[in-house]
Protein chains: 2
Amino acid sequence: MSTPGFSEQTSALLSQASLACSRRGTQLTELRRKVLGLVLDSDRPAGAYDLLDRLRAHHKGAAPPTVYRALDFLLEQGLIHKVERLSAFVGCIHRHADDHDHPHAAQFLICTRCGRVTEIEDGGVNRALVQAARQGGFRLARATVEAEGVCAACAAMPAGASAGA
Amino acid sequence: MSTPGFSEQTSALLSQASLACSRRGTQLTELRRKVLGLVLDSDRPAGAYDLLDRLRAHHKGAAPPTVYRALDFLLEQGLIHKVERLSAFVGCIHRHADDHDHPHAAQFLICTRCGRVTEIEDGGVNRALVQAARQGGFRLARATVEAEGVCAACAAMPAGASAGA
DNA sequence: CCGCCACTGCTACGTTATAACCTGAACGAG
DNA sequence: CTCGTTCAGGTTATAACGTAGCAGTGGCGG
Ligand SMILES: [Zn+2]
Ligand SMILES: [Zn+2]
Ligand SMILES: [Zn+2]
Ligand SMILES: [Zn+2]
C-alpha cells in the first residue's frame with residue numbers, strides 16, 4: 001500500500017487527494033498527508049488533540065499548531081470538514097473536481113448513539129436555505145447544517161446498544 | 001424599570017421570562033435573571049466569558065461555573081440559544097408558550113460584517129431537513145442551522161463599513 | 001430536629017485553539 | 001552567486017472555552 005499504516009481505502013483516497021492538490025498548485029506534504037490519513041482512517045469524527053496524539057506516534061515533536069495548520073490546509077482544500085457541534089473533523093466523501101474553488105454545501109447527520117457522522121448534500125435543504133436567507137435580505141455565503149438524531153443502523157438495534165462498536 | 005441597568009425592552013422580556021418559568025415550576029433567580037438580562041441587552045452574540053466580565057460588575061465573586069450554570073438553565077428553558085460557530089449565546093426572540101416541552105427548530109443568520117445574528121424559524125428549511133434525514137433512515141431529533149453571509153443592513157453599506165457600530 | 005433538595009460559591013482542572021517568533025528549503029531576480 | 005521572498009514547519013507560551021467536585025446555605029416536609 002502507498003502509505004503504511006493506513007487502510008487500502010484510505011490510501012486510495014490519499015492518492016486522489018494528492019492528485020487534486022497537484023492540479024490546484026498546492027502540496028499535500030507528508031505531514032498533511034499523515035493528518036488526512038488519520039482523519040480518513042477514523043470512522044468517527046476526530047478531535048484535533050486525538051489526531052495530535054496519534055500523529056505523535058509517527059511524528060515526534062508534533063505540537064498543537066502542527067496539527068491545526070495541517071487541518072486548516074485540508075479544510076481550505078475541501079478534503080475534510082469540521083463538525084462544529086463536536087469540535088471534530090471528518091473526511092469529505094465527495095470527489096474533488098478540478099475546478100472546485102469554493103466549498104460545497106454539505107450537511108451532516110450526527111448519530112447520538114454511535115457517534116458516527118454522515119455527510120449528505122441535499123438539494124432541497126440548500127434551496128430552502130437560499131430561499132429563507134433571501135426573504136430576510138441576507139446574502140448567503142455558506143451554511144453549517146448539523147442534524148442530531150439516531151442513524152438507521154442504531155435505530156435497528158435494541159435500545160441501549162450502539163451499532164458497530 | 002424593573003431591573004436597573006437594563007433597557008426597557010430587556011426588562012419587559014425579563015418579566016415575561018419570569019412568568020414563563022413560574023408556569024413551568026422553575027425559578028428565574030436573581031442570578032439567572034441578571035445573566036439573561038446581559039444576553040438580551042447585547043445586540044451581538046455574547047461569549048460566556050464576556051458575560052462573566054460584565055456579570056462581575058454587579059456580582060462580585062462570579063466564576064466560570066457561575067455563568068455556565070446560568071446559561072445551562074436558560075438553554076433548558078428555551079430562553080436563549082447557543083450559536084455553535086461562535087461559541088456564543090443569543091436571546092430567543094420567540095414567545096414562550098406554556099406547553100413548550102422541547103426546543104423549537106430555529107435557524108441563525110450570522111452576518112460576517114457586523115457580527116449580528118438573526119434568529120429565524122423557516123418552515124421550508126425544517127421540512128427539507130426532515131425529508132433529507134428520512135431519506136437516509138435517520139431519526140432526526142434536532143438540527144443546528146447557522147448560515148453565514150452579509151445582512152441586509154451591511155449589504156446596503158459601502159464595502160469596508162459595517163452597519164451600526 | 002433532621003434529611004432532602006435546589007441553588008450558589010469556589011478551587012482547580014481539562015479541552016480547544018491561536019499568537020508570536022524562529023528555522024530552513026526552494027526559487028527566481030538582479 | 002546572493003539576496004529577497006514565499007512556503008512549510010518547529011517551538012513556546014498563552015488565550016478562549018468548558019467542567020468536575022466539593023462545600024455552604026436556605027427552604028420545606030417529615
Ligand atoms: Zn464534503
Ligand atoms: Zn448510530
Ligand atoms: Zn428561539
Ligand atoms: Zn451585518
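The model shown is predicted, which means the values in this text are computed figures rather than measured ones. Here is the naming used below: chain letters follow the sequence lines, and residue numbers restart at 1 for every chain.
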Output the single nucleotide from C:dA17, C:dT8, D:dG18 whose closest atom is nearest the side chain of B:T29. C:dT8

Testing the basics here: between A:L71 and A:A48, what is the closest heavy-atom pair and its distance to 0.1 Å? CD1-CB, 4.0 Å

Going 5' to 3' through nucleotides 25-30 of chain D, assign each nucleotide B (protein heavy atom under 4.0 Å from a base atom), S (under 4.0 Å only from sugar-phosphate atoms) or - (no protein heavy atom that close). ------

Decide if atom CZ of B:R56 counts as having more than 12 heavy atoms of other residues, nucleotides or ligands within a radius under 6.0 Å. yes

Before accepting this row, confirm whether a basic side-chain N of the pair A:R85/B:E84 lies closer than 4.0 Å to the acidic partner's carboxylate O. yes

Ranking D:dT19, C:dA17, D:dG10 by distance to the side chain of A:K82, first place goes to C:dA17

Is the phosphate of C:dT8 approached by B:R32 (side-chain N or O, under 4.0 Å from OP1 or OP2)? yes

Quick one about A:H59 and A:E30 (side-chain donor to acceptor, distance below 3.5 Å, no hydrogens or angles considered), yes or no? no

Rounded to whole angstrom units, what separation is found between the CG atom of B:L71 and the C1' atom of D:dC17? 12 Å

Find the distance B:L86:CG to C:dT16:P and express it as a whole number of Å. 19 Å

Can you name the closest pair of heavy atoms from A:C111 and A:V150 and give their distance? SG-CA, 4.0 Å

Taking all non-hydrogen atoms of both residues, which atom of B:R33 and which atom of B:L14 are closest, and how far apart? O-CD2, 3.6 Å

Value in whole Å for how far the P atom of C:dC7 lies from CG of B:L74: 12 Å

Of all the nucleotides listed (C:dT8, D:dC17, C:dA20), which has the minimum atom distance to the side chain of A:R69? C:dA20

Heavy-atom pair with the smallest gap, counting every atom of A:S87 and A:K82: CA-CE, 4.2 Å

Mind listing the residues from residues 46-66 of chain B sitting with a heavy atom below 4.0 Å of DNA chain D? Number order is fine. B:Y49, B:P64, B:P65

Looking only at side-chain N and O atoms, does B:Q27 come under 4.0 Å of OP1 or OP2 in C:dC7? yes

Name the residue closer to the 5' end of DNA chain D, choosing between A:T26 and B:F89 according to the nucleotide with the nearest heavy atom. A:T26

Check the distance between C:dT8's P and B:R33's CZ and give it to me in whole angstrom. 13 Å

Nearest-Å distance, CG (B:D72) to C1' (D:dC17)? 13 Å

Compare every heavy atom of A:T10 with every heavy atom of A:G37, then report the nearest pair and how far apart it is. O-CG2, 3.8 Å

Nucleotide C:dT18, atom P - distance to CZ of A:F73 in whole Å: 18 Å

Nearest whole angstrom, please: distance from the C1' of C:dC7 to the CD of B:Q77. 14 Å

Test ring-ring contact (aromatic ring centres under 6.0 Å, His included) on B:H81 and B:F89; report intermediate values, then the result. CA-CA 6 Å; B:H81 295 288; B:F89 303 84; over 10 Å; no

Give a yes/no on whether any side-chain N or O of A:Y68 is located under 4.0 angstrom from OP1 or OP2 of C:dA17. yes

